[in-house]
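Have a look at the structure below, then the notes.
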Amino acid sequence: MTLQEKLYSLKKTDKAVLAANFYNFETLKGILEAAQSCNQPVILQLTQSSIDYMGLQNAVSMAKTGLDFYKVQGWIHLDHANNLELVEACLKSGFDSIMFDGSELPFDENIKLTKIAVKSAQKYNANVEAELGYVAKLGQDSGKVQFTQTNEAKVFVEETGINALAVAIGTVHGFYKSKPELNFERLSELNEALDIPLVMHGASGIPKEDVRKAVSLGICKVNIATEIKNTFILNVKKILSETDNIDLRTSFPVAIEAVKILIKDKFNYVN
Ligand code: 13P
Ligand code: ZN
């Protein structure tokens with residue numbers, strides 16, 4: 001089943017799939033073991049930085065082999081691409097889905113480039129996600145508010161032919177400095193106005209009840225990254241501070257297990 005088919009079926013039933021970013025073999029293993037143990041599908045996400053770190057072919061092969069090995073239903077997704085060359089390279093390498101993030105571009109420019117991404121993806125029957133509004137990225141002003149506008153979103157979806165839209169409803173990437181307040185009213189309006197599945201970015205730190213409410217209002221893909229990185233690194237730090245053993249094959253499994261526990265819990269947020 002393609003990711004676009006999966007997301008549309010989730011939209012009909014007010015359900016969602018977890019999209020987890022991985023950074024190395026260990027975080028991938030933690031995510032896949034959680035998915036296998038909970039019998040849940042999962043989207044494996046890669047950003048440009050993770051691709052640069054692991055190498056495109058390494059990252060894709062590892063994810064594909066992992067899905068087969070753990071017998072997990074899953075898809076490989078390019079997260080927050082802001083250039084079309086990367087989109088093309090990932091599609092060529094076997095990604096099931098790409099996000100072209102033109103949210104910081106002028107509206108017309110975002111439409112123009114997203115349309116090109118959609119055309120490229122069609123050749124591979126791949127899913128396309130795009131974004132409208134402001135969801136602060138790491139290092140950006142998390143106090144700035146610019147929710148996705150419903151009228152703009154309608155025009156954008158019609159013009160571009162995207163499969164899924166990332167919406168700005170009060171989430172930000174990274175850790176929250178204050179309690180996140182989600183704009184459920186806007187989400188509900190967007191859900192009514194648009195026929196396509198909606199995506200929540202910045203889900204790290206959003207309480208379970210809020211994620212569930214968002215899922216009941218059209219969010220079909222829930223993106224989680226920061227908590228995975230944080231869980232992995234904190235656990236590596238802790239175990240290394242307690243031992244002089246240099247064998248990473250005894251230290252890393254502790255951190256992998258912690259990622260697995262985190263993701264198992266996150267599946268409860270989307271179900
Ligand atoms: P967090 O890093 O805040 O969990 O956001 C994840 C995300 O949106 C990935 O695109
Ligand atoms: Zn994101």
Side-chain angles (χ1 to χ4, degrees), residues 3 7 16-24 27-28 30-31 34 42-53 59 63 74-82 86-87 90 95-105 110 114 117 127-144 146-148 162-182 187 197-208 210-211 214-215 219-234 258-259 262-263 265-267 269-270:
L3 182 55
L7 290 174
V17 60
L18 197 67
N21 287 60
F22 72 98
Y23 306 91
N24 55 8
T27 44
L28 175 66
I31 294 163
V42 71
I43 298 169
L44 299 170
Q45 305 203 131
L46 288 159
T47 57
Q48 165 119 49
S49 328
S50 299
I51 290 169
D52 291 345
Y53 173 61
W75 302 268
I76 304 169
H77 173 79
L78 171 62
D79 193 25
H80 290 287
N82 59 12
L86 179 65
V87 166
C90 288
F95 278 54
D96 305 291
S97 174
I98 57 105
M99 173 191 197
F100 180 76
D101 179 0
S103 60
E104 293 176 64
L105 299 171
N110 190 1
T114 303
N127 181 66
V128 178
E129 176 182 329
E131 178 173 321
L132 278 182
Y134 178 75
V135 182
K137 297 186 171 67
L138 293 180
Q140 288 183 333
D141 178 7
S142 58
K144 180 177 150 186
Q146 198 186 308
F147 298 127
T148 306
I162 53 165
N163 306 108
L165 181 69
V167 289
I169 51 159
T171 61
V172 301
H173 291 93
F175 294 114
Y176 287 86
K177 295 198 180 95
S178 56
K179 193 177 171 291
E181 299 286 348
L182 301 193
L187 176 59
L198 306 178
V199 180
M200 175 188 276
H201 281 248
S204 287
I206 302 287
K208 191 191 287 180
D210 284 359
V211 174
V215 169
I219 294 289
C220 302
K221 172 173 177 276
V222 174
N223 283 10
I224 188 109
T226 298
E227 282 188 67
I228 299 171
K229 253 190 303 198
N230 188 51
T231 300
F232 182 73
I233 287 297
L234 289 186
V259 169
L262 170 79
I263 299 297
D265 182 43
K266 292 296 175 187
F267 282 128
Y269 285 47
V270 297

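When a ligand or atom number is given, it counts from 1 through the structure's own listing order.
- Side-chain contact of Asn110 with Thr114: a donor-acceptor pair under 3.5 Å is present, judged by distance alone.
- Protein heavy atom in closest approach to atom 3 (O) of ligand 1: Gly174 N, 3.0 Å.
- Taken from CG in Leu86 to CD1 in Ile51, the straight-line distance is 5.0 Å, to the nearest 0.5 Å.
- Side-chain contact annotation: Asn21 with Asp79, donor-acceptor N/O pair under 3.5 Å present.
- Salt bridge present: Asp101 and Lys137 bring a charged side-chain N and a carboxylate O closer than 4.0 Å.
- The distance from ligand 1 to the heavy atoms of His201 drops below 4.0 Å at these ligand atoms: 8 (O), 10 (O).
- Considering backbone and side-chain atoms alike, Asn223 places an N or O below 3.5 Å from some N or O of ligand 1.
- The N/O atoms of Ile224, backbone and side chain alike, include none that comes under 3.5 Å of an N/O atom in ligand 1.
- Looking only at heavy atoms of the protein, atom 10 (O) of ligand 1 is closest to Asp79 OD2, 2.7 Å.
- Here the protein heavy atom with the shortest distance to atom 2 (O) of ligand 1 is Thr226 OG1, 2.5 Å.
- The shortest contact between atom 4 (O) of ligand 1 and any protein heavy atom is with Ser204 OG, 2.6 Å.
- As for His201, its N/O/S atom nearest the Zn ion (ligand 2) is the one called ND1.
- Of all the heavy atoms of Asn21, the ones lying under 4.0 Å from any atom of ligand 1 belong exclusively to the side chain.
- Annotation: the span from Glu129 atom CD to Phe100 atom CZ amounts to 12.5 Å, rounded to 0.5 Å.
- With no hydrogens or angles considered, a side-chain donor-acceptor pair links Asn24 and Thr27 at under 3.5 Å.
- Contact annotation for His80 and ligand 1: only side-chain heavy atoms (C-beta onward) come within less than 4.0 Å of the ligand.
- For the atom pair CD1 (Ile206) and CE (Met200), the distance works out to 5.5 Å, reported to the nearest 0.5 Å.
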